[in-house]
Trainee: 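I have a structure here, written as structure tokens, and I will follow up with some questions on it.
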Number of protein chains: 2
Amino acid sequence: MTFAPTELLREANLRVTGPRLAVLAEVEAHPHSTAEAIVEAVRDRLGTATIQSVYHILNALTDAHILRRIEPEGSPGRFELFRDDNHHHLVCRSCGEVSDVACTVGHAPCLTASDDHGYVIDAAEVIFWGTCPSCATQATQTPPTS
Amino acid sequence: MTFAPTELLREANLRVTGPRLAVLAEVEAHPHSTAEAIVEAVRDRLGTATIQSVYHILNALTDAHILRRIEPEGSPGRFELFRDDNHHHLVCRSCGEVSDVACTVGHAPCLTASDDHGYVIDAAEVIFWGTCPSCATQATQTPPTS
DNA sequence: AGCGTATCTATGAGTAATTCAAAAATGCGA
DNA sequence: TCGCATTTTTGAATTACTCATAGATACGCT
């Protein structure tokens, strides 16, 4: 319940505008939305909105660390509210749906590479690939023809 | 040293062609190459090559599990020889360079999500983000102006 | 070795996702 | 409520990649 979009914007020194609030409301309501889905939601709220503006807003909010962008291979970018909680993602190979998972072993064992090659590592990103319950059910009912 | 491109192709029931051998030679010589870099290398070897053909070849070899495609956010797709060894990647935020890392804790602890949300998980992908040694050195010499 | 055909590559066009540049509109501090 | 910097819109461009089809090539067979 600590979701105060206006203050998030103010704290980042960004102006509070209709389109920005609409984008934030949508991302909060539907995490992991694509830019495409977000424009549509913004249009529902405000009447009009261009995809370019939404991209511009998404970039501004991502730069300000209000949003986080994830981009599973083969999918357009998706956006969620930025949380400093080290969670990871579960992606369905069949429908592309994304879910959150907390990091497996508490805090960070899987965030340490065995050999860092001299890199200064600042983050680890984990993506679990699989099939979501509803796609798994469908696949059982109508197996792929190959 | 056990790199026999011709046999890899034969085993997958694929024809052994100049372009395919050139692509494999390049990926073996420079793992994590982009399609763009690969066409250029193929052109050096064979005289001509179109980017579309290279994409076609890369897709065919990826489907045959001879290559693996990785796509760090913000980067075009990159290709490496497929090895069933569960290794992960280290990506430099500054220059985009990719290095391999063995999975941290042996076999698979970081491959198990704490809560699978009912998904049937078949793979886990880990990307470590950071700064590579040479970019880190440059950054120290000329700090960013902001 | 030569042939025929299925497989592969080249050519040309097209699409999806995203960015860039410049003009019009709007938020908000004074 | 005025002014101006910040935002949004408009319109065009770019990047990474796919699709369709025609032409070329590998390779099993004789």
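Chain letters run A, B, ... following the sequence lines, proteins first, then strands; residues in each count from 1.
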Trainee: Would you indicate whether the side-chain heavy atoms of B:Glu28 and B:Pro31 approach each other to under 4.5 Å?
Mentor: no
Trainee: Is the count of non-hydrogen atoms from other residues, nucleotides or ligands lying under 6.0 Å from B:His117 atom NE2 greater than 12?
Mentor: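 Yes, the 6.0 Å shell around NE2 holds more than 12 heavy atoms from other groups.
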Trainee: A:Glu73 has an atom CD; how far is it from atom C1' of C:dA16, in whole Å?
Mentor: 16 Å
Trainee: I need the CG-P distance between A:Leu58 and D:dT7, as an integer number of Å.
Mentor: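 Going from CG in A:Leu58 over to P in D:dT7 covers 14 Å.
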Trainee: Heavy atoms under 4.0 Å is the rule here; annotate nucleotides 25-30 of chain C 5' to 3' with B where the base is hit, S where only the sugar-phosphate is, and - elsewhere.
Mentor: --BS--
Trainee: If the condition is side chain to side chain contact (heavy atoms under 4.5 Å, CB included), which residues does B:Glu11 pass it with, not counting sequence neighbours?
Mentor: B:Glu7
Trainee: Which ones in residues 19-33 of chain B lie close to DNA chain C, meaning a heavy atom under 4.0 Å from one of its atoms?
Mentor: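 Listed by number, they are B:Pro19, B:Arg20.
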Trainee: Tell me, do A:Glu36 and A:Ile51 make a side-chain contact under 4.5 Å, heavy atoms counted?
Mentor: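 Yes. Closest side-chain heavy atoms under 4.5 Å.
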Trainee: Do B:Pro19 and B:Leu46 make a side-chain contact, defined as non-hydrogen atoms from C-beta onward lying under 4.5 Å apart?
Mentor: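 A side-chain contact under 4.5 Å exists here.
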Trainee: How would nucleotides 11-23 of chain D be written as a contact map, 5' to 3', with B for base contact, S for sugar-phosphate-only contact and - for no contact, using protein heavy atoms under 4.0 Å?
Mentor: BB---SBBB----
Trainee: With sequence neighbours excluded, tell me which residues meet salt bridge (Lys or Arg N to Asp or Glu O under 4.0 Å) with B:Arg93.
Mentor: A:Asp122
Trainee: Among residues at least two apart in sequence or on other chains, which ones pass ring pair (Phe, Tyr, Trp, His ring centres under 6.0 Å) with A:His32?
Mentor: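 Checked A:His32 against ring pair (Phe, Tyr, Trp, His ring centres under 6.0 Å); matches are A:His89.
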Trainee: Report yes if at least one side-chain N or O of B:Thr50 is closer than 4.0 Å to OP1 or OP2 of C:dA10; otherwise report no.
Mentor: yes
Trainee: Tell me the bend of the helix from C:dA1-D:dT30 to C:dA30-D:dT1 as the angle between end helix axes, each from five pairs, rounded to the nearest 10 degrees.
Mentor: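 Inter-axis angle at the ends, rounded: 30°.
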Trainee: For the residue pair A:Thr137 and A:Ser134, confirm or rule out a side-chain donor-acceptor distance under 3.5 Å.
Mentor: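 Short answer, no.
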Trainee: If hydrophobic residues (ILVMFWY) are linked whenever their side-chain heavy atoms come closer than 4.5 Å, directly or via other members, who joins A:Val98 in its cluster?
Mentor: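 Noted: A:Val98 shares its cluster with A:Ile70, A:Val91, A:Ile127, A:Trp129.
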Trainee: Using the test salt bridge (Lys or Arg N to Asp or Glu O under 4.0 Å), find all partners of A:Glu80 that sit at least two apart in sequence or belong to another chain.
Mentor: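 In terms of salt bridge (Lys or Arg N to Asp or Glu O under 4.0 Å), with neighbours along the sequence ignored, A:Glu80 is linked to A:Arg68.
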Trainee: Can you sort out the partners of A:Arg69 under salt bridge (Lys or Arg N to Asp or Glu O under 4.0 Å), two or more places apart, ordered by chain and number?
Mentor: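 Scan of A:Arg69 (salt bridge (Lys or Arg N to Asp or Glu O under 4.0 Å), adjacent residues dropped) gives A:Glu71.
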Trainee: According to side chain to side chain contact (heavy atoms under 4.5 Å, CB included), who are the partners of A:Leu8, at least two apart in sequence or on a separate chain?
Mentor: A:Phe3, A:Ile66
Trainee: According to side chain to side chain contact (heavy atoms under 4.5 Å, CB included), who are the partners of A:Ser33, at least two apart in sequence or on a separate chain?
Mentor: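 Once residues adjacent in sequence are excluded, the partners of A:Ser33 under the side chain to side chain contact (heavy atoms under 4.5 Å, CB included) criterion are A:Glu26, A:His30, A:Ala37, A:Ile38.
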